[in-house]
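Read the numbers this way: they start at 1 and go in the same order the structure lists the ligands and their atoms.
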Amino acid sequence: MDRIMTNRLDRGYKRYKEEFEEAALRVLRSGRYILGSEVESFEAAWAGYTGAAHCTGVASGLDALYLALRACDIKAGDEVILQGNTFFATALAVHMTGARCVFTEPDEYHQLDPAGIEAKINDRTKAVMVVHLYGQTARMTEIKEICKKHGLRLIEDCAQSHGSMSDDGCMSGHSGDFGCFSFYPSKNLGAFGDAGAVVTDDAELDRRLKQLRNYGSSRRYHYAEAGVNSRLDELQAALLSVRLSHLDELTKERKEAAAFYDTHIENPLIEKPEVRPGADHVYHQYVIRCDRREELIKHLDERGIDTIIHYPVPPHLTEALAYLGYKKGDLPFTEKLADSVLSIPMYNGITREEQERVAEALNGFGD
Ligand SMILES: *Cc1c(COP(=O)(O)O)cnc(C)c1O
């Protein structure tokens, strides 16, 4: 029996093979590979999809976050509030600006808990960064209110939440000042290499962003500020446009696969993911919790099922960010999650038979 892997990117390609290949050939034959019409049309389409007025394609999700912070003038001496349980890149983007990460605890749905934000605000606080972790939207109505009250920038890390709808009626990425996306191949909207984008309603912020991604220049060989080279390329943009044209059906398929797990996994030792009333979930990952995680991983592995932990070490306990001075026990709920979460196979193209095998193996754990 074939192993069931945590992702099968080959299936995502084969499904729209002809369309991807036609788009790739079109770019190769065009003679234009950087900042051309493919990037422009993808940017317009992605802005339209999220409801934002502007979109800027960049080279990765990390760059999207970093450049959004830069465009908000966040720098050394400033503080940015974010949840403790996120992918390292969210915190790394803050670090790269010279600003300080201030971590807070998530709620029981793994999302930034608005209740913890205000206690962390001081004169140095400049922004709140929200991550719609695993694809579930955070409490944006409340978070927006807090940011407005304290004059803070609001930046969304939507690397896992393409196409999910927040409780304020905005597509994820359209609630705050900036929505930052990664199109890393395994994301819900995946490219065939590194890619990212930033959306905003603010024309001036968008101008800054476009300048920053291109060395800090908006007029050739004239440099207004020290930017970076972080451009989305024509090939990735063309391939992303193909995938975007199918995103609604891909999201629907993920939700159906999650519903199957919801109804077929039944084991008192395993906690299934819950969706907060009013939130939306596009299941970038289907994340269960289990106190006997090591045993469970072994049990599944012996039955030919791969799993992955998102994420075993929270950013505040990494060596890289040790200088912030956090220690074990500072974020007890974040740390508890890091010790108990487990992502089971969830991707576009997973079959019912594969899901049945996964559910059966989970249900047999602990017997
Ligand atoms: C993937 C991811 C990123 C980084 O995106 P890259 O394109 O890999 O740089 C940032 N934040 C979160 C939550 C992610 O899942």
*What are the atoms of ligand 1, with element, lying closer than 4.0 Å to any heavy atom of S182?*
5 (O), 6 (P), 7 (O)
*Measure the CD-CZ distance between E356 and F260 for me, rounded to the nearest 0.5 Å.*
4.5 Å
_N/O separation below 3.5 Å, L65 to ligand 1_ = no
*Q160 N/O to ligand 1 N/O under 3.5 Å*: yes
*asked:* Using side-chain heavy atoms (C-beta onward) and a distance below 4.5 Å, is L240 in contact with W46?
replied: no
*asked:* Suppose we screen for ring-ring contact (aromatic ring centres under 6.0 Å, His included). Which residues come up paired with F87, at least two apart in sequence or across chains?
replied: Y311
*Does a donor on one side chain sit under 3.5 Å from an acceptor on the other, for D201 and H174?*
yes
*Shortest protein heavy-atom distance from atom 3 (C) of ligand 1, along with the residue and atom involved*: F87 CD2, 3.6 Å
*asked:* Just to be sure I read this right, does ligand 1 sit under 4.0 Å from the backbone of D63, its side chain, both, or neither, counting only heavy atoms?
replied: neither
Under 3.5 Å, side-chain donor or acceptor atoms of residues 143-150 against the rest of the protein: list the pairs with distances, not counting sequence neighbours.
residue	atom	partner	partner atom	Å
K144	NZ	D168	OD2	2.8
K149	NZ	E118	OE2	2.9
H150	NE2	E118	OE2	2.6

*asked:* Under 4.0 Å, heavy-atom basis, I'd like to know which part of D157 is in contact with ligand 1: side chain, backbone, both or neither.
replied: side chain
*Which ligand 1 atoms, with their elements, are less than 4.0 angstrom from a heavy-atom of L62?*
4 (C), 5 (O), 6 (P), 9 (O)
*Could you tell me whether S60 approaches ligand 1 through its side chain, its backbone, both or neither, with non-hydrogen atoms closer than 4.0 Å?*
both
*Under 3.5 Å between some N or O of ligand 1 and some N or O of G61?*
yes
*Output, in order, the C-alpha distance, side-chain angles, deciding distance and verdict of salt bridge (charged side-chain N to carboxylate O under 4.0 Å, His left out) for E353 and R357.*
CA-CA 6 Å; E353 294 69 41; R357 267 177 65 197; over 6 Å; no
*Atom indices of ligand 1, in the order listed, that fall short of 4.0 Å to a heavy atom of T90*: 11 (N)
*What atoms of ligand 1 come within less than 4.0 Å of a heavy atom belonging to V131?*
13 (C)
_Side-chain touch Y215/Y223, heavy atoms, less than 4.5 angstrom_ = yes
*May I ask you to decide if the ring planes of F192 and F20 are parallel, tilted or perpendicular, using 30° and 60° as cut-offs?*
perpendicular
*Does the side chain of V282 reach to within under 4.5 Å of the side chain of H284, using non-hydrogen atoms?*
no
*Just heavy atoms, cut-off under 4.0 Å: does K187 contact ligand 1 by side chain, backbone, both, or neither?*
side chain
*Within-cut-off N or O pair, D194 and ligand 1, under 3.5 Å*: no
